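All values derive from a computational prediction rather than experimental measurement. Quick note on labels: first sequence line is chain A, next is B, and so on, each numbered from 1.
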Protein chains: 2
Amino acid sequence: MTYELYYWDGIQGRGEFVRLALEEAGADYIDITRQSGRGRGTGAMLSVMRSDSEAHIPFAPPFLKDGDLIIPHVANILLYLGPKLGLAPDDEGLRYVVNGLQLTITDFVAEVHDTHHPIATSLYYEDQKEEAKARSADFIKERIPKFLGYFERVLQQNPYGAKHVAGDALTYVDLSLFQIVEGLVYAFPKAMSSYRSKYPLLATLHDSVEHRPNIARYLKSDHRLPFSTEGIFRHYPELDMEAS
Amino acid sequence: MTYELYYWDGIQGRGEFVRLALEEAGADYIDITRQSGRGRGTGAMLSVMRSDSEAHIPFAPPFLKDGDLIIPHVANILLYLGPKLGLAPDDEGLRYVVNGLQLTITDFVAEVHDTHHPIATSLYYEDQKEEAKARSADFIKERIPKFLGYFERVLQQNPYGAKHVAGDALTYVDLSLFQIVEGLVYAFPKAMSSYRSKYPLLATLHDSVEHRPNIARYLKSDHRLPFSTEGIFRHYPELDMEAS
């Protein structure tokens, strides 16, 4: 069965965390909104969300359809796919650890979004630019070190070694952390300029994911869209500054 | 085995979503930071978080300890406890639906927090009051209707009936929605003044949870702390206004 991924067309966004897992596993999937035809395109996504008869409507994209099952939220999709794609630990307890780590990434991604939209998602960036500067300054000073420092510690304290965040094998959280680093380096190049010396284990993990054959092939493909100021991670030079 | 809940003392906060599930089920648990003695108190919580040897350190409270397993994040704790407490569907697919609904609540709670802290968690409310007014105005105009309207639709479209958000029996999401309504009515009484006519199914769900015997007993007990301007839901009159 082909997995159907529903997410906004034209950006990496939150959908990218799911795509990286599907690509790493070489899974059979389609990006519904990037195709045309019956049951495809952005209209098909919106009609699921707006359905007045569907039993399990998602609040927002991304969501995954696997047969009749509709699964919303990145962490939930990865929880579901992880064991099927060989990207979750066999140990059941460790799966809750992995889910917890992914949920910390979820929180961090929401904070990344709010660096450019601190007041209202319904307003343009230009209408909240001053507040965005204040929020980004705090984000660079307090939040990047808090989150990246936490993941560095998680790697350091993994009893199976620092190559992965949990257990002795690759999980979807490792892939998501690659994306976090990629996104931050794009959005905040000055703030991230010395991240390799501050978070060496995270940098090593990032590089190891980047060079995995399926990931490397995907990153070079047309299917990997570039970062842009339409996505979650946005580069606005006026929001970036050297980390202290 | 007694469940150990770790969360900041003195507030309901995010820990309350977990407490409601434990209380409804009559589970054996202790609130570690509200007790004193060896391995108890806020110090005990911080020492888990700051440990440099613990394999699975949480990013933030709340977290649950069940034996050696440490489980962070509200939705993750409820995912773990749900089946054990009889508060999750038997059907595996429906468990992902329920988890997705809880994650939408997670996102909403983060937005509730940001109504009073739109710029920085590290600053006082008083230092971001003007921005908080702007964010709260958008929250009342756009976000409350979007989220509550969504849950009203979910109840409406549940093929098993509108008494519960998923399936034909109480789940932890129903309990969390009770808490969402309680918190919003406390924090934004003007904005919520007509919520019963706008979201009648949600109001009915709220009332049915409130009158469940174990919940009613808990709400009357000393263990249920009052809402306050230290928690997630805060009542600052200057942030509240009638919904349009």
Side-chain angles (χ1 to χ4, degrees), chain A residues 51-60 63 66-77 79-80 93-94 96-97 99-104 106-108 110-111 114 118-123 128 130-131 134-135 137-139 141-143 146-147 150-151 153-154 156-160 166, chain B residues 51-60 63 66-77 79-80 93-94 96-97 99-104 106-108 110-111 114 118-123 128 130-131 134-135 137-139 141-143 146-147 150-151 153-154 156-160 166:
Chain A
S51 164
D52 58 9
S53 58
E54 177 61 58
H56 305 301
I57 41 173
F59 181 77
F63 54 92
D66 184 12
D68 286 337
L69 195 57
I70 297 176
I71 303 177
H73 286 281
V74 169
N76 196 27
I77 297 169
L79 181 76
Y80 176 78
L94 214 47
Y96 290 96
V97 172
N99 188 42
L101 292 167
Q102 191 68 40
L103 288 170
T104 299
T106 299
D107 288 348
F108 188 49
E111 294 198 20
D114 282 7
I119 301 300
T121 301
S122 59
L123 295 176
Q128 48 196 312
E130 290 312 309
E131 296 89 341
R135 178 131 186 177
D138 181 83
F139 181 76
K141 179 163 180 275
E142 304 283 349
R143 307 305 283 172
K146 179 154 178 163
F147 279 93
Y150 168 72
F151 285 111
R153 280 178 67 213
V154 169
Q156 179 70 50
Q157 291 176 213
N158 181 357
Y160 296 93
Chain B
S51 164
D52 57 10
S53 58
E54 176 61 57
H56 305 301
I57 42 173
F59 180 77
F63 56 93
D66 183 13
D68 287 337
L69 195 57
I70 298 176
I71 302 177
H73 287 279
V74 169
N76 196 28
I77 297 169
L79 181 76
Y80 175 78
L94 215 46
Y96 290 97
V97 172
N99 187 42
L101 292 167
Q102 191 68 40
L103 288 171
T104 299
T106 299
D107 288 349
F108 188 49
E111 294 197 20
D114 282 8
I119 302 299
T121 301
S122 59
L123 295 176
Q128 48 196 311
E130 290 312 308
E131 295 90 342
R135 178 131 186 175
D138 180 82
F139 181 76
K141 180 164 179 276
E142 303 283 349
R143 307 305 284 172
K146 179 154 179 161
F147 278 94
Y150 168 74
F151 285 111
R153 280 178 67 213
V154 169
Q156 179 70 50
Q157 293 177 210
N158 181 357
Y160 297 93

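What you find for G100(A) and P72(B) is that their closest heavy atoms are CA-CG, 4.1 Å. Scanning both residues, Q157(B) and E54(A), for their nearest heavy atoms gives NE2-O, 2.7 Å.
F59(B) is linked by a ring pair (Phe, Tyr, Trp, His ring centres under 6.0 Å) to F147(A), Y150(A), counting only residues two or more places apart in sequence or in another chain. Residues satisfying the ring pair (Phe, Tyr, Trp, His ring centres under 6.0 Å) criterion with F139(A), sequence neighbours excluded, are F108(A), F188(A).
Among Y96(A), F63(A), F151(A), the residue making the largest number of heavy-atom pairs under 4.5 Å with chain B is Y96(A). Between chain B and the residues V97(A), I70(A), I57(A), the most heavy-atom pairs under 4.5 angstrom are made by I57(A). Among D107(A), T104(A), D114(A), L69(A), the residue with the largest count of heavy-atom pairs under 4.5 Å with chain B is T104(A).
Heavy atoms of N76(A) lying under 4.5 Å from chain B belong to its backbone as well as its side chain. If you measure heavy-atom distances from K146(A) to chain B, the contacts under 4.5 Å come from both the backbone and the side chain. Looking at L79(A), both its backbone and its side chain come within 4.5 Å of chain B, counting heavy atoms on both sides. Looking at A110(A), there are no atoms closer than 4.5 Å to chain B (heavy atoms on both sides), in backbone or side chain.
Within the 4.5 Å cutoff, side-chain heavy atoms of D138(A) are placed close to those of S122(B). Counting heavy atoms from C-beta on, the side chains of H56(A) and L101(B) never come closer than 4.5 Å.
For R153(A) (side chain) and D52(B) (main-chain N/O), no donor-acceptor pair under 3.5 Å exists by modelled atom type. Distance alone, capped at 3.5 Å, places no donor-acceptor pair between the E142(A) side chain and the T121(B) backbone.
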